[in-house]
Amino acid sequence: MAYDGEILDEIEADFYEKGLTDGLPIIPPTRERVEAMVKFNNLDPNAVIGAIPPRNGIATIEKIAANAVMAGCANEYLPVVIAAVEGLTAPGFDLFGLQATTHPAALAVFISGPISKTLNINSGTGALGPGWRANATIGRAVRLIALNLGGAKPGPVDKSTQGSPAKYGFCFAENQDENPWDAFHVERGFKADDSCVTVLGLEGPHNINGQDSLTADDLLRVIANSIISMGSCNFRFTTGSDLFIALGPEHAHILGREGVTKKAIREYLFKHARVSIDRVPQEHIAHRLKTPAQYGEWDGKSDIRIVKAPENFLLTVVGGPGLHSCWMPNWGGPNHQGMTKRIRTAR
Amino acid sequence: MGKMEFIDPAGDTDALRVPLNPRPKKMAGLKIAFVDNTKANFDHFCDRIQELLPEYGVVEIKRYRKPGRTVGVSQAVKDEIKATCDFAITGLGDCGSCTSWALHDAVELEKFGVPSLCVTTTQFDVLARVEATAMGLPDVQILAVPHPLGAGLPVDKVRLKADASMEKLIQLITVGE
């Protein structure tokens, strides 16, 4: 790709018309910019991280950097994007199914560890919203990689029935300063001073307003009754999909000060967050009993659980002041698991 | 300002191009396998096709049902189909991820030596073709039935769509595209 013109508008229009953008203006991935990003991180541009389905474009460091440049990433964000791509291409993520699904799942890029401070990735007020370059551009870079290397063009390939604003970019960080428990990646076997990316196919955040909760018991009851949505894939497919809950700091403090462990939260939710069978349509009951590998094992008479096991509740702390939390339903593919990868920086 | 060079953000794929297996010359005497991904109504669609195929001389039809829509066909089923059947029909691709995996099954069976085709609806055949190309089988046969076929469509309408698909189906099985 080469241009004689010097007009930015022309470049813009060309990238858009070739289907290489998410619809927003991009930073042109000039050879100089891409090489500078790769060199800044002391990486081999030809090293291959994996192939991005369904198109199976080869994700070399150079191609990842080209998309990161287009998204507006600073040079130092590249290792985060690379770790995310390692997660997307790991066996057990099923990006092949996820890229094409009619469900509105976005590629959530969740960062935990000290790098969120180094790179100024927002984990506080508005962490899931606009205003921070790192959140906005890292999430966007992952979407551009899915589009360009993966070929997931909305319409012909990305068949998401309605789409989702989270598909533009869905990157946020854990607020470890306000987290009464171990960091998320520590629970997953990494060291506290590691920084990690967890990628997962999730819907955008659904609010849990717990403004009148004073005790852990009250709050857990609100959460349990917020996440039992019959229209969510967590309810439909309980074959091992995770359900992501981002507690606001003030909610986390209520639980923390009463000494409620994450294990206890998971067990409470596993026991109480169930859909009453008398509310479930007969058609669904019939499908559920006929194809347990897709819908999850069920005895046909108990209230229906929304995850296979307590461990499928993934818990973190995100955000600033206020008594709001949120949950993010899973895409629901039976072979889809969240992947946590360590971010390796050269500096 | 001089000449500006950009790095193509899409780049190369590692797709090979694998030819299709030879197709059967005629329908008479064929043994055909269905690989059903459990999508709603595909069983009714296959029921009707199964009723009609003997008229064309098909001697045996085997029905396999996957445990779910977003898993690949098992090696055991592939082995059995290869040992006992001449042709395989996978489906149904009428959503995103189920299309991906139904197409995957047709590609895997084809690469395993079994002539195959994948049934999708007309809203999902382009996706299936993109995926087939990336998997090295750009010519894999796709029978696109007018969308919708799945949940919500009464069984009698499903059977009518099967009737209307027969001519194309026979053509795909015996002479390719």
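Chain naming here is simple, since letters A, B, ... match the order of the sequence lines and numbering starts at 1 in each.
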Can you tell me how far [atom2] of [Y] sits from [atom1] of [X], rounded to the nearest 0.5 angstrom?
| X | Y | atom1 | atom2 | result |
| --- | --- | --- | --- | --- |
| A:Trp331 | B:Ser97 | CH2 | OG | 5.0 Å |
| A:Glu32 | B:Ile7 | CD | CD1 | 8.5 Å |
| B:Gln123 | A:Thr102 | CD | OG1 | 12.0 Å |
| B:Thr13 | A:Ile52 | OG1 | CD1 | 12.5 Å |
| B:Thr99 | A:Lys159 | OG1 | NZ | 8.0 Å |

Q) Between A:Gly97 and B:Trp101, what is the shortest heavy-atom contact and its length? A) CA-NE1, 4.1 Å

Select, from [options], the one with the greatest count of heavy-atom pairs under 4.5 Å involving chain A.
| options | value |
| --- | --- |
| B:Cys95, B:Gly96, B:Pro67 | B:Gly96 |
| B:Met135, B:Lys66, B:Glu131, B:His104 | B:Glu131 |
| B:Ala134, B:Ala10, B:Gly68, B:Gly11 | B:Ala10 |

Short side-chain to backbone donor-acceptor contact, [X] and [Y], under 3.5 Å:
| X | Y | result |
| --- | --- | --- |
| A:Arg31 | B:Met4 | no |
| A:Asn335 | B:Thr70 | yes |
| A:Gln294 | B:Arg69 | yes |
| A:Lys63 | B:Asp12 | no |

Can you tell me if [X] has over 12 outside heavy atoms packed within less than 6.0 Å of its [atom1]?
| X | atom1 | answer |
| --- | --- | --- |
| B:Lys111 | NZ | yes |
| A:Gln162 | CD | no |
| A:Tyr16 | OH | no |

Region of [X] in contact with chain B, defined by heavy-atom distances below 4.5 Å:
| X | answer |
| --- | --- |
| A:Val34 | side chain |
| A:His287 | side chain |
| A:Asp94 | side chain |

Q | Min side-chain heavy-atom separation A:Thr291-B:Arg65 under 4.5 Å | A |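 A:Thr291 reaches B:Arg65 side chain to side chain.
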
Q: Count the heavy-atom pairs under 4.5 Å between each of A:Thr60, A:Asn67, A:Val69, A:Leu98 and chain B, then report the option with the highest count.
A: A:Asn67

Q: Could you check which of A:Ser160, A:Ala66, A:Pro292, A:Pro156 has the highest count of heavy-atom pairs closer than 4.5 Å to chain B?
A: A:Pro156

Q. Quick one: which residues of residues 136-155 of chain A reach chain B at under 4.5 angstrom, heavy atoms only?
A. A:Asn148, A:Leu149

